[in-house]
Peer 1: 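Just dropping this structure here.
Below, all heavy atoms of this structure are taken into account, side chains as well, without hydrogens, waters or symmetry copies.
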2 protein chains.
Amino acid sequence: MLIGELARQTGCEVETIRYYEREGLLSAPQRSASGYRRYNAEQLGELNFILHCRSLGMSLADIRQLAAFKADSSLACDDINQLIDQQISKVHQQVESLRLLEQQLLALRDRCHDHHTVAECGILQTLVEASEGEPCVCHTPFGQDPHPHHPSVEKQ
Amino acid sequence: MLIGELARQTGCEVETIRYYEREGLLSAPQRSASGYRRYNAEQLGELNFILHCRSLGMSLADIRQLAAFKADSSLACDDINQLIDQQISKVHQQVESLRLLEQQLLALRDRCHDHHTVAECGILQTLVEASEGEPCVCHTPFGQDPHPHHPSVEKQ
DNA sequence: GCAAACCCTGTAGTCGCTACAAGGTCAAGT
DNA sequence: ACTTGACCTTGTAGCGACTACAGGGTTTGC
Ligand SMILES: [Zn+2]
Ligand SMILES: [Zn+2]
Ligand SMILES: [Zn+2]
Ligand SMILES: [Zn+2]
């Protein structure tokens, strides 16, 4: 199986497969006389493992870890559980901060209903006023502390 | 006001301020004889505007757009509303997919309770089985379609 | 014998910063 | 006058997880 066929079977782009190999996630495949990569069922499994973990939002570093555990099955699995727990709490935090963000955006959106000129747009007014130090609907929707702004979302 | 003072007043890192200037988001400030950037209240407002928008998850491209609107206030504000609407729907989608992700991770986590060896770890077993084409708890928790996996989270 | 479809390597771009390195400037203390 | 340290400057490279070429080689079918 050539790389294009593997890509078709997994739905993964050819360039991404080569990238995973470069990153040491996928073991280097055999090569044909002309240098083409030849894959077998084992590497199909390897790639599907990676894609499955990626679809669970895991980083490539996490996946490398998991693959190492897979290789040495006599180890204790506490580290696996911890890895998943960390992933869960990371995702949970992201959900929470994005939900807050959505509320803030909805409050901001509520400042402009009809279409008129920019000069009268409540959204832009709110944003400008906030930049001048006044409290804003988006960040103080329910009478919370006015400012500071920054750490609403930690990573995007 | 020098760049360090501006950084202190806004909570923004010095390097980030220079980056915003390079990206054309912040207007180039006056310079002292020795080349030091000197800021005034106007640029403090500009930077706070950017930081406020960033804290709402907007991209620098979006902020550039908003700044352009701010400059020409005779335009119709429909584009502003549309920009915010897009931001809302983007964030909403992220929330939804991350919530699904959290459920999937919790289902996976549920496969391993006690600490034992990797060979017996239900989490790793599930991941390996899924990579061999079998349905997995994480992606089919309530009897949904088994596979395909990929587009669970679109951007991270 | 030639075109299309595939494959290869290597490099650079994406986004929003962050972290240097290598140097210049300025105010205070000795 | 000299030194220390805090500040400032530019430029470049790195992060993560790809994506998009450029510039070539190979294979297949007609
Ligand atoms: Zn409006
Ligand atoms: Zn606000
Ligand atoms: Zn376990
Ligand atoms: Zn799954």
Peer 1: Which whole-number value in Å describes the distance from B:Met58 CE to C:dC17 P?
Peer 2: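 To the nearest whole Å, that distance equals 14 Å.
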Peer 1: Counting only heavy atoms and a strict 4.0 angstrom limit, can you tell me which residues of residues 36-44 of chain A come near DNA chain C?
Peer 2: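 Within residues 36-44 of chain A, the residues near DNA chain C are A:Tyr36, A:Arg37.
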Peer 1: Nearest whole angstrom, please: distance from the C1' of D:dT27 to the CD of A:Glu5.
Peer 2: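 Those two atoms, CD and C1', are 16 Å apart.
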Peer 1: Roughly how many Å is it from CG in B:Asp62 to P in C:dC15, rounded to a whole number?
Peer 2: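 These atoms are roughly 11 Å apart.
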Peer 1: So, B:Gln87 side chain and B:Leu56 main chain: donor-acceptor pair closer than 3.5 Å or not?
Peer 2: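 Judged by distance alone, yes, a pair lies under 3.5 Å.
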Peer 1: Going by distance alone, is a donor N or O of one side chain under 3.5 Å from an acceptor N or O of the other, for B:Glu46 and A:Ser131?
Peer 2: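 Distance-only check fails for B:Glu46 and A:Ser131.
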Peer 1: Check the side chains of B:Gln9 and B:Glu5 for a donor-acceptor pair under 3.5 angstrom, ignoring hydrogens and angles.
Peer 2: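 The criterion, which ignores hydrogens and geometry beyond distance, is satisfied for B:Gln9 and B:Glu5.
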Peer 1: Would you say B:Ser34 places a side-chain N or O within less than 4.0 Å of OP1 or OP2 belonging to D:dT9?
Peer 2: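 For D:dT9, neither OP1 nor OP2 has a side-chain N or O of B:Ser34 closer than 4.0 Å.
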Peer 1: What integer distance in Å separates B:Ile3:CD1 from D:dC7:P?
Peer 2: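 Roughly 13 Å, once rounded to whole Å.
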Peer 1: Check whether A:Arg109 reaches the backbone of A:Cys112 with its side chain - one donor and one acceptor, N or O, closer than 3.5 Å.
Peer 2: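 It does hold such a pair.
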Peer 1: Could you state whether B:Leu106 and A:Leu66 fall into the same hydrophobic cluster, counting links through intermediate Ile, Leu, Val, Met, Phe, Trp or Tyr residues with side-chain heavy atoms under 4.5 angstrom apart?
Peer 2: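 Yes, B:Leu106 and A:Leu66 fall within the same hydrophobic cluster.
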Peer 1: Between A:Asn40 and A:Gln43 (side chain of the first, backbone of the second, donor and acceptor by atom type, cut-off under 3.5 Å), is there such a pair?
Peer 2: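 Yes, A:Asn40 side chain to A:Gln43 backbone: donor-acceptor pair under 3.5 Å.
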Peer 1: Please answer whether the main-chain N or O of A:Val95 pairs with a side-chain N or O of B:Gln94 as donor and acceptor at a distance below 3.5 Å.
Peer 2: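 Side chain of B:Gln94 to backbone of A:Val95, a donor-acceptor pair under 3.5 Å: no, none is there.
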Peer 1: With nearest nucleotides of DNA chain C determined for A:Leu2 and B:Ala61 from heavy-atom distances, which residue corresponds to the more 5′ nucleotide?
Peer 2: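 The residue mapped nearer the 5' terminus is A:Leu2.
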Peer 1: Which residues pass the salt bridge (Lys or Arg N to Asp or Glu O under 4.0 Å) test with B:Arg111, sequence neighbours left out?
Peer 2: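 Applying salt bridge (Lys or Arg N to Asp or Glu O under 4.0 Å) to B:Arg111 gives none.
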Peer 1: Contacts to DNA chain C from residues 14-33 of chain A, heavy-atom cutoff under 4.0 Å, which residues?
Peer 2: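 Heavy-atom cutoff 4.0 Å gives A:Arg18, A:Arg31.
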